[in-house]
Amino acid sequence: MKEIAVIGTGYVGLVTAAGFSDLGNRVIALDVDEAKIAGLNKGQMPIYEPGLEEMVARNVAAERLFFTTSYPEALKNAEFVFIAVGTPEGVDGEADLKYVRSAAVSIAKAMVGPLIVINKSTVPVGTGDWVADIISSEEKEPIPFSVVSCPEFLREGSALLDFMNPARTVLGSTDSDAAEKVAQLHLPLRAPIVITNLRTAEMIKYASNAFLATKISFINEIANICEELGADVKEVSSGMGYDPRIGSHFLDAGLGYGGSCFPKDVKALAHMAAEKGRHPQLLQAVMDINLDRHRLLIERTENLLGSLNEKTIGLLGLTFKPNTDDIREAPSLDLARLLMEKGAKIRAFDPAGMPRTKQEMPEIEMAENAYELARDCDALLVCTEWNEFKHLDLARIREVMRCPVIVDGRNIYDPKKMSEVGFHYRGVGRGYGPDGQPVNSSPEPR
Ligand SMILES: NC(=O)c1ccc[n+]([C@@H]2O[C@H](COP(=O)([O-])OP(=O)(O)OC[C@H]3O[C@@H](n4cnc5c(N)ncnc54)[C@H](O)[C@@H]3O)[C@@H](O)[C@H]2O)c1
């Protein structure tokens, strides 16, 4: 049993705190957001993540997991402190480190004994050294401490599963004893542990996210070519994905990547490169292709409907991916803005993303379910591939729509079946013949 403090109770911090407490450690999770901590102390989750509420409740009841806003309380007995605060995009595409700085200063002022400071936030290469400098200069008295980088690779929507079954743990430090202690903390997770220096660990995180974003933009580029040549990108990616050198993950053509990580992390990596005089052309192309996806879907809708002025468009899905309530950088919101600029009225339904969207874009009208959403819509745009959208009663949807148009930004439907039901249907990267019919229908879902 180790004494651990976790700074930040967002998607990463709360999962880290819950996960380490579930492994038998005593964890105090801290946030500067008083409302969040008050809610957590009443058992209210600030985010939706499958299984999180149960895991938090179990460990709170077992007196292994605590929540506070007080740094002295969190650090009183801590041997390890994880920094898991946000690192949003700055004005020029760089990572904004104000929350990391503030966490480092607060740690320095509150620490009372030797401490291993573990950085889980995604931070630019060199930040570990910078955090060490901040703590050294802000400490009240010289207390030994070490900084270890331990980047986080969890996916929202399956964050607890990923915490408990990581593909690898990456640790970087100049202090090999500290890295070894952090490795011990992760041993119960039985994943390969890569121990390297601070800067390399920080780079592994950016390189991993940039690579995954590149796969998505790659398959979207292939989708564009498929459309011109009459091929079906769904079949192309499944044919490619069986090759272990390629792999099937992140090869789904569609609306492109969104969320709180890929967009800002690719930008931040490009910014780091540019600052050093490098021209990150591949990263630039990845970002350009991704941005084009939204415009493409709007064009596709216009091709089917004509002018969008005064048309009612329903967004099926709001979150940037299924099984989360996170709408940060969700393609749906950018689409909504672009459609509204063209005079369209926007309605939406999402199983988890509506409360946050209402706060950010109150002008979007929310529906109670997919069928209510479809009522009197001129077109439906599939923005998120929630499982519950895959087996809707499409005949019922068609019946209530003003105009039976579906533009499927996630390729969740079979074009042939959709035209049988009577829809004007367009997916992404699925070749169509001159008669507007798909040249290739996809097989039953596997
Ligand atoms: N969300 C993901 O899927 C994911 C995955 C891997 C890595 N990351 C990285 O992890 C980091 C955290 O991401 P997130 O999505 O959990 O962020 P988040 O915005 O959900 O949560 C951050 C939390 O930190 C708190 N905070 C800010 N400043 C603080 C301070 N000085 N002291 C204490 N608390 C403070 C905020 O109130 C907030 O609750 C980011 O660097 C992100 O890039 C995120």
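Numbers here simply count residues along the sequence, with the first being 1. Atoms within a ligand are numbered from 1 in the order they appear, just like the ligands themselves. These numbers were taken from a predicted model, which means no experiment stands behind them. What you see below is based on every heavy atom in this structure, not just the backbone, and it leaves out hydrogens, waters and symmetry mates.
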Give the atom numbers and elements of ligand 1 that come within less than 4.0 Å of a heavy atom of [X].
X	result
Thr87	40 (C), 41 (O), 43 (O)
Ala103	31 (N)
Lys264	42 (C), 43 (O)
Gly86	22 (C)
Ile7	32 (N), 33 (C)
Lys36	38 (C), 39 (O)

Kindly say whether [Y] contributes a backbone atom to a donor-acceptor pair with the side chain of [X] at under 3.5 angstrom?
X	Y	value
Thr169	Ile193	no
Arg64	Asn59	no
Asp325	Tyr48	yes
Lys321	Glu156	yes
Lys267	Glu94	no
Arg328	Gly259	no

Margin query: With the threshold set at under 4.0 angstrom, would you say Ser260 reaches ligand 1 through any of its heavy atoms?
Written below: yes

Check: For Arg155, is the nearest heavy atom under 4.0 Å from an atom of ligand 1?
Finding: no

Next item on the list: Could you label the plane-to-plane angle of the Phe250 and Phe262 rings as parallel, tilted or perpendicular, counting under 30° as parallel and over 60° as perpendicular?
Entry: tilted

Suppose we measure from [atom] to each protein heavy atom; which comes out shortest, and what is that distance?
atom	result
atom 9 (C) of ligand 1	Thr122 OG1, 3.5 Å
atom 21 (O) of ligand 1	Gly10 CA, 3.2 Å
atom 34 (N) of ligand 1	Val32 N, 3.5 Å
atom 31 (N) of ligand 1	Ser102 OG, 3.0 Å
atom 10 (O) of ligand 1	Val12 CG2, 3.4 Å

Note to self: Whether the Ser217 and Asn220 side chains hold a donor-acceptor pair (N or O, under 3.5 Å, no angle test) is what I'd like checked.
What the structure shows: no

Of the listed options ([options]), which comes nearest to [atom] when hydrogens are ignored and any heavy atom counts?
atom	options	value
atom 32 (N) of ligand 1	Tyr71, Tyr99, Phe262	Tyr71
atom 23 (C) of ligand 1	Thr324, Asp31, Val100, Leu30	Asp31
atom 11 (C) of ligand 1	Asn209, Ile107, Val85	Val85

Just let me know how [X] lines up against ligand 1, side chain, backbone, both or neither, with a heavy-atom cut-off below 4.0 Å.
X	value
Ser106	neither
Leu154	both
Arg328	side chain

Item checked: Identified side chain to side chain contact (heavy atoms under 4.5 Å, CB included) counterpart of Ile4 within the set Thr16, Leu185, Val81, Asn77 -> Leu185

Next item on the list: May I ask you to check whether Phe20 and His186 place their ring centers less than 6.0 Å from one another?
Entry: yes

Ligand 1 N/O within reach of [X] N/O, cut-off under 3.5 Å:
X	answer
Asp265	no
Glu156	yes
Glu152	no
Ala84	no
Lys205	no

Check: Are Glu235 and Met240 close enough that some pair of their side-chain heavy atoms sits under 4.5 Å apart?
Finding: no

Next item on the list: Quick one: do Phe145 and Val147 satisfy side-chain contact (heavy atoms from CB on, under 4.5 Å)? Show the steps, please.
Entry: CA-CA 7 Å; Phe145 74 92; Val147 175; 4.0 Å; yes

Notebook entry, point to check: After noting the C-alpha distance and the side-chain angles of Glu73 and Thr68, does the key distance pass the side-chain hydrogen bond (donor to acceptor under 3.5 Å, both in side chains) rule?
Noted result: CA-CA 7 Å; Glu73 189 187 333; Thr68 184; 3.0 Å; yes

Next item on the list: May I ask you to say whether Asp408 pairs ionically with Arg426, meaning some side-chain N is under 4.0 Å from a carboxylate O?
Entry: no

